[in-house]
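The block underneath contains the structure these notes are about, expressed in structure tokens.
Naming convention: chains lettered A, B, ... in sequence-line order (proteins, then strands); numbering from 1 in each chain. Note: hydrogens, waters and symmetry copies are ignored here, and every other heavy atom, side chains too, is used.
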There are 2 protein chains.
Amino acid sequence: MSKMTKRERFLETSLKLINEKGFKATTMRDIAHSLNCEVANVYNYIDSKQSLLETYLFGISNEFHAAIDTIIDSNASSEEKIRLIIRIHIDLMVKKPYELALLVNEWRNLKEPKLGTFLAERVVYENKVKSVLKEGMEAKDFKPMNIEIATYTFLSTLRWLHDKYTDLPIKINPKEIEEQISEFVFSGISKK
Amino acid sequence: MSKMTKRERFLETSLKLINEKGFKATTMRDIAHSLNCEVANVYNYIDSKQSLLETYLFGISNEFHAAIDTIIDSNASSEEKIRLIIRIHIDLMVKKPYELALLVNEWRNLKEPKLGTFLAERVVYENKVKSVLKEGMEAKDFKPMNIEIATYTFLSTLRWLHDKYTDLPIKINPKEIEEQISEFVFSGISKK
DNA sequence: TATTTACATGAACAATTGTTCATGTAAATA
DNA sequence: TATTTACATGAACAATTGTTCATGTAAATA
């Protein structure tokens, strides 16, 4: 459909613009300008500036949830599950670096009640990760840890990726990132 | 001095407000309101909204640099240096959680040429960390790693702290965070 | 006592913002 | 051919924004 194509091209353009300048700093006129059209025309594609942000954020959030649910429902070992979680984060970063950057940087600009929904979804996601770590601890695959700290620290190791992938022209090889981060997470930096 | 006290109280109030709503979303009128005064009065304390942000960001950035320089110039082992870097991050988070949150979340709102200066300073900081990791790798304290990935992954493990410390009423014990994160960084989550 | 200092006000400003409206048009569809 | 659809325009709006100005005042300082 011609509509889809045009709309998608519009979404892509404004996504990059928002990433460059930030959501608040990007005006409807900025978006129009980068599309070579008038401001009013932008409203043929979206309802409001807010809804634009919501579309992006809930879209990528859903993708993360769909991916982790498949992993959790599998009968892989805890270690294998963590390995797969690392992989989906890197996969999504390669496929949708700008959406990922938005997810990290711009969710604050959501308004209630969407903001509450978003944060609730994020807690659910964190809890899914937490459950895998807990499972692994109980199975003695993982060492005894403060589960909260371990969850946040682990998730943090995956949260810088988008930054390098959106800004730099030279992309680091995703396979290498996956190996290096997995090694870091499972056995740290010390030469044992 | 009475001036210092009042100005500092003002800085503290607006710092929290900016953290709550975001820099762009916080208006001068918001700040005035939370101080129970008129907008114009705010300009007795600062030159502009931008300079307010700059004060915070370069202040905390300098603290990080001062702290890491002391560590780098010491003759501690690489492992000990990494341990100390973890410690200063946690110390600063406990002492100045709001400044830290700003450093992570709001630097994008700086304008050139301050933005360039800030980013350059950040690269310098990352390079200092990188040099410690490299040194440790060469001394065979640390395993062979892609040094870029290791640096960003390591720094990330410290970048979620402020979030929990500003939002939650219940503070996690800093000593425990330090131990847990050090263990994570040096030997990972696997039960060896 | 005279003067400086730090803090305070209210009104006004020019610019920017998201959004709406009436209207138009080329291409696809019925 | 008639009509719907998707995309497009320019003007206008009400609200919000950071900042300035002239002016005031209580307390500290000279």
Dot-bracket line, read 5' to 3' along DNA chain D, where crossing pairs take [ ] and | marks a partner on another strand, Watson-Crick or G-U under 3.5 Å | ||||||||||||||||||||||||||||||
For nucleotides 9-15 of chain D, give me every protein contact, N/O to N/O, under 3.5 Å, one pair per line with atom names.
| from | atom 1 | to | atom 2 | distance (Å) |
| --- | --- | --- | --- | --- |
| D/dT9 | OP2 | A/Glu38 | N | 2.9 |
| D/dG10 | OP2 | A/Glu38 | OE2 | 3.3 |

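The interatomic distance linking B/Tyr43 (OH) with D/dT19 (P) rounds to 4 Å, in whole Å. Separating the CG atom of B/Asn109 from the P atom of D/dG18 is a distance of 12 Å, rounded to the nearest angstrom. Residue A/Phe10 contributes atom CZ, which lies 16 Å from atom P of D/dA6 at whole-angstrom precision. In this structure, A/Arg7 atom CZ and D/dA8 atom C1' are separated by 17 Å, rounded to whole Å.
Between A/Glu79 and A/Asp141 the shortest heavy-atom distance is N-OD2, 4.4 Å. Scanning all heavy atoms of the two residues, the minimum distance from A/Ile88 to A/Ile68 falls at CD1-N, 4.0 Å. Heavy atoms only, all atoms of each residue included: B/Arg7 and B/Tyr45 are closest at NE-O, 3.2 Å.
Between the side chain of B/Lys143 and the backbone N or O of A/Gly188, at least one donor-acceptor pair lies under 3.5 Å. A donor-acceptor pair is defined here as one N or O able to donate and one able to accept, closer than 3.5 Å; such a pair exists between the side chain of A/Ser78 and the backbone of A/Gly136.
Counted within 6.0 Å of CD on B/Glu126, heavy atoms from surrounding residues, nucleotides or ligands total more than 12; the atom is thus considered enclosed.
Listed pair A/Tyr45 / D/dA8 meets the phosphate criterion, a side-chain N or O lying under 4.0 Å from OP1 or OP2.
For the contact set between residues 20-27 of chain A and DNA chain C, defined by any heavy atom under 4.0 Å, the members are A/Thr26, A/Thr27.
For A/Phe64, the ring-ring contact (aromatic ring centres under 6.0 Å, His included) criterion is met by A/His89, A/Tyr125, not counting sequence neighbours. The salt bridge (charged side-chain N to carboxylate O under 4.0 Å, His left out) test applied to A/Glu148 returns A/Lys130, not counting sequence neighbours. A/Tyr152 is linked by a ring-ring contact (aromatic ring centres under 6.0 Å, His included) to B/Trp160, counting only residues two or more places apart in sequence or in another chain.
For the pair B/Asp30 and B/Lys21, the salt-bridge criterion is met [side-chain N within less than 4.0 Å of a carboxylate O].
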